[in-house]
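Below is one structure, written out as structure tokens; the observations come after it.
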Amino acid sequence: MKRVQLEIILGTLFVFLSALILISYATQETSRLAEYEVAQEAELIEFGASIYENNCTSCHGDFAQGIAGIAPCLRCEELFDGRIEAIGWEGELEDYIVSVVTTGRQVSTRAEYFGGGSPAMPTWSEKFGGPLRDDQVRAVSAYIMNFQAEALGEVAAVPPPPIAIDSSTPEGLGRAQFVISGCTACHAVSGVSEATIGPSLNGIATRAETRVEGLSAAEYILESIIDPNAYLVEGYGADIMLQTFGESMAEEDFNNLIAYLLTLTEE
Amino acid sequence: MLNTLRQRFNIPPRDELRAWFMQMIDDRVRIITAGLSIKELRAVFRGDPPTEKPNPRYKVITTSFVAHLRPRYYQQAATWFTHTFRLGWFTTFFFVVETITGVVLMVYYIPFPDQAYGSILEIESNVWFGELMRDIHRLGAEGMVLFTWLHMFRTYFTGSYKGPRSFTWLTGVVLLFITAWLSFTGYLLTWDQLGYWAITVGSSITESGPVVGPAMNILLRGAPDIGTGGLLRFYLQHVILFPLIAILVISIHYYKVSREHSISLPAWVEERDDIPADEKKKHTRRIDLIPDLLTHELFLVCVGIFAMLAILYFDLFNSPLETPANPQQTPLDTKAPWYFWWLQGMLKIEPAKILEGFINPVIGIFGAEVQLGRLLDSKFIMGLVIPPLLVGLLAAVPYIDRNPSRMAKNRPFAIAWGIAWIFILLALSYMGLPEFGIETAPATRVIQDLAPEEGLGPLREIPFDELMGAVETEAEGSFIVSREHLYGRDLCPDLAYIPESEEDSDDPQAVIGCPHLTEVFYQFNDRLIEAEEEGGFGTGLNGAGPQMEAVFIIQQWAHNLIRVQPTVEWIDEDGNLQEYHQIYFLHEEGRREH
């Protein structure tokens, strides 16, 4: 056989073999695409989990369980059932999450979550000065949406304290005011809150007497609420606390609140 | 009526109709094939000699535009496989493959930073044969670079750059650069960590140039850092500018070979006088393009396509895709593409250190006195001055080497010089590896080896069931590194699960315990203890002996998500507690293997 003919025969054979490989590819292609998509979604969730870990835990909790007073639970039914209806969002829940993460919240939509002050939640998208790219925002929402299958019924880890309001005394009203104004989000008080963002208020009544010379305990507390940067407790920086309580609270509220705080004598 | 038509269209009478019709078809065929009749075509396919005189098979080459690039014939010895290994031919083959698959990929690719990576994922997950196209394109790119280098070395060792072929060698050096640059520009397009940082590291060399360096850098990157402008520039270079330049230079290079001086004969056929005349005649007889060379080339196309498909089908090659580019986070092991490792290796040479205490003359430049070592010790010299000098040396090879003989035994110096360069390039490439000359803290190294930032790694290969099982153990997923030998003890003895590979079988075999996890943990354990013994964690406070503790924590994070945190703590010389940890999330459906 001549070399040319041999090459024609072998070449044809290779063409057949190549065609076989392609056919084999084609039969697997549908399932490969589906598998790739599943793996891609899984990787997106893994990616989102690490972004959440680095950016979101201080307000929404390590396990996305939320922190009472500050930010809502993200693995609870309250998010997956009825949240978008309540807020009037007409699209999908996942897009709602993307939207909130992207733009953040200037003001909290719910009184029980004070958030990080103003803004309640920062904008996260790099389009608006945040640190995250679009695909990272998508990944975070994929991570949160992954909780839907096993959403918790109740906020699990840090429940807001149930309080019985005793409206007959200024101290009782002050205690309610303490919770309503969102103080529990940052300050610890035995039996009410365990937050550690601001200094603990246990024993504040005793300490406030001697904190600043010439100021009584009540005057010191009032001053500290209206102008939080006036006297800083060691270990806590300036501008952590909201500086608008002086405008948003009535004089009577202040009186009640201070009356309540002055009952906190025990460390 | 019929007769009018006949006359009008010049149709012959009935008995001549068949011949007239065949003649008409034959004329068309001759036009399409640029000179071959039907009879001649049949003879070509049968391997018969030409049917007409002069040989109509040569006419094709003179009349056809495309075939004009082709040779009429090569001499027999020049076509020996062991002489050329078809290296140049395969380089061209890869170029054509790249063009075809590249055009397909261009349809789906979006050259903007916020969409580029997504469009690659789209190609892989949503386009039929998309992954195959990308794999072929990537494999072809590696092949083209590799074969260009091999082709160059073959030409060098057979002395084929000499005499009339010296200009061809020069165009070849240009093509070597074009090929590397085409591949390099393609690297960035996936917009993942691999490409982004390889290009960032690579293009940062231009920055070190004097006066025009920063301007060159901005011209190349489109901004101080690679962003939208940079990606678009690299994309256009990759899909338009350099393919066009490549087509032009390949054409020149090939035209020289095919129409001017042909492929070189093996040196001994050309130079030895003691070959019998009939044997010499046999070696130099003509092998025509049609049909022999053309058939052989078609055969090689079949072989090439089959080989590429087979390599991909049996998973011997995968085009890498790392996590999306993140300008804020430099990967631990940044690596240039393999064909630039030698350059990265060169940048690691420190002439100041080598020349210290050796010969280190002080020389005066512009009135300032500088030590030679100091002068050479810069990215500028090592990255921008020496490599172009080397390329210049390569281009000048035919003009430096005036030895007229092409036979290896007559040019021992040139052969030794070529072999030396192979070793120099290999050594420099080895030095260019991220592992070479860069110390990583042991805790970082151990954890990075366990779960690399990119790709898989032992941690990712642990089946999800074993990780879940570990959480349920007595240790609740917290495994502490111990100095006692615990070999043979499984971390989760109570676990039994059916591995995924057995799920579809009729008689599924359960795995007892968690062998994969146990293996990974012991690896973590042993390497840390080993590093401690080698002094990797210092000698502790006031030399009291190293104090290192480490723990491997596995937690369930969601029904389908596991969080793994290896943590290493140690006390340094000053008594400070040092800590290193990494956090990994592993999803049940996440990629465990390719």
Side-chain angles (χ1 to χ4, degrees), chain A residues 1-22 24-26 28-30 32-54 62-64 75 126-127 131 133-136 138-139 143 146-150, chain B residues 44-47 113-115 117-118 121-122 124-132 287 291-310 312-314 323-326 328 460 555 557-563 565 582-592:
Chain A
M1 199 185 316
K2 281 181 186 151
R3 183 178 166 150
V4 168
Q5 284 160 327
L6 181 70
E7 284 181 338
I8 290 174
I9 291 169
L10 282 180
T12 316
L13 186 71
F14 279 123
V15 169
F16 272 116
L17 288 176
S18 303
L20 273 183
I21 291 180
L22 282 180
S24 170
Y25 259 113
Q28 297 167 18
E29 200 64 357
T30 319
R32 184 194 68 79
L33 291 178
E35 267 169 38
Y36 197 98
E37 210 149 280
V38 170
Q40 203 175 308
E41 180 69 19
E43 273 167 44
L44 198 65
I45 291 168
E46 291 173 1
F47 188 37
S50 60
I51 294 166
Y52 181 92
E53 178 98 16
N54 292 334
D62 290 343
F63 302 92
R75 67 192 306 164
E126 61 177 6
K127 282 182 187 148
R133 301 185 309 264
D134 280 359
D135 65 297
Q136 290 173 312
R138 278 274 160 204
Y143 170 63
N146 186 44
F147 289 127
Q148 188 163 23
E150 36 146 23
Chain B
V44 163
F45 280 115
R46 287 182 167 185
D114 52 349
Q115 290 174 60
Y117 186 81
L121 288 182
E122 194 72 7
E124 299 250 341
S125 71
N126 218 355
V127 176
W128 261 62
F129 292 114
E131 191 188 34
L132 184 67
I287 304 286
D292 300 67
L293 298 179
L294 213 51
T295 318
H296 184 62
E297 285 173 5
L298 282 174
F299 170 70
L300 289 182
V301 169
C302 299
V303 173
I305 289 175
F306 170 74
M308 290 182 93
L309 285 176
L312 295 175
Y313 188 74
F314 294 107
T323 50
N326 186 352
Q328 262 87 47
R460 284 203 160 266
Q555 285 164 287
W557 217 245
H559 66 292
N560 52 8
L561 198 64
I562 286 277
R563 180 183 187 270
Q565 178 179 349
Q582 281 289 322
I583 293 164
Y584 304 98
F585 289 96
L586 303 170
H587 191 278
E588 190 176 6
E589 307 289 343
R591 205 155 277 211
R592 293 277 180 276

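Order of the sequence lines sets the chain letters (A, B, ...), proteins ahead of strands, with each chain counted from 1.
- Neither the backbone nor the side chain of A:E126 comes within contact range of chain B, judged by heavy atoms closer than 4.5 Å.
- In this structure, A:S18 and B:L309 approach most closely via the heavy-atom pair CB-CD1, 3.7 Å.
- Contact annotation for A:L13: neither backbone nor side-chain heavy atoms come within less than 4.5 Å of a heavy atom of chain B.
- Residue B:N560 touches chain A through its side chain alone, counting heavy-atom pairs closer than 4.5 Å.
- In plain terms, the two heavy atoms of B:P324 and A:R133 that are nearest each other are CB-NH2, 3.6 Å.
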Exercise. Given the rule in the side-chain contact (heavy atoms from CB on, under 4.5 Å) test, do A:Y36 and B:N126 qualify, once you have shown the distances and angles that lead to the verdict?
Worked result: CA-CA 9 Å; A:Y36 197 98; B:N126 218 355; over 6 Å; no
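- Note that CZ of B:F585 is 10.5 Å distant from CD1 of A:I51, once rounded to the nearest 0.5 Å.
- The minimum heavy-atom distance between B:G130 and A:R32, with the atom names listed, is N-NH2, 4.4 Å.
- The CG atom of B:D292 sits 9.0 Å away from atom NZ of A:K2, with the distance rounded to the nearest 0.5 Å.
- Neither the backbone nor the side chain of B:Q328 comes within contact range of chain A, judged by heavy atoms closer than 4.5 Å.
- We find the CZ-CZ distance between B:F299 and A:R3 to be 8.5 Å, quoted to the nearest 0.5 Å.
- For the residue pair A:N146 and B:H587, the shortest heavy atom distance occurs at OD1-NE2, 4.2 Å.
- For the set B:T323, B:L298, B:V127, the entry with the most heavy-atom pairs within less than 4.5 Å of chain A is B:V127.
- Among A:L17, A:V38, A:T30, the residue with the largest count of heavy-atom pairs under 4.5 Å with chain B is A:L17.
- Of all heavy-atom pairs between A:E7 and B:T295, the closest is OE1-C, 3.8 Å.
- Classified by interplanar angle (parallel below 30°, tilted 30° to 60°, perpendicular above 60°), the ring pair B:W557/A:F63 is tilted.
- Only the backbone of B:R46 has a heavy atom closer than 4.5 Å to any heavy atom of chain A.
- Summarising the geometry of A:V15 relative to B:C302, their closest heavy-atom pair is CG2-SG, 3.5 Å, with the distance given to 0.1 Å.
- The distance from the CD atom of A:E53 to the CZ atom of B:R563 is 4.0 Å, given to the nearest 0.5 Å.
- Between B:W128 atom CH2 and A:L33 atom CG the span is 7.5 Å, to the nearest 0.5 Å.
- Aromatic ring orientation, B:F129 versus A:Y25: perpendicular (interplanar angle above 60°, classes split at 30° and 60°).
- With chain B as partner, the option from A:S50, A:P131, A:A49 having the largest number of non-hydrogen pairs under 4.5 angstrom is A:A49.
- Contact annotation for B:L312: both backbone and side-chain heavy atoms come within less than 4.5 Å of a heavy atom of chain A.
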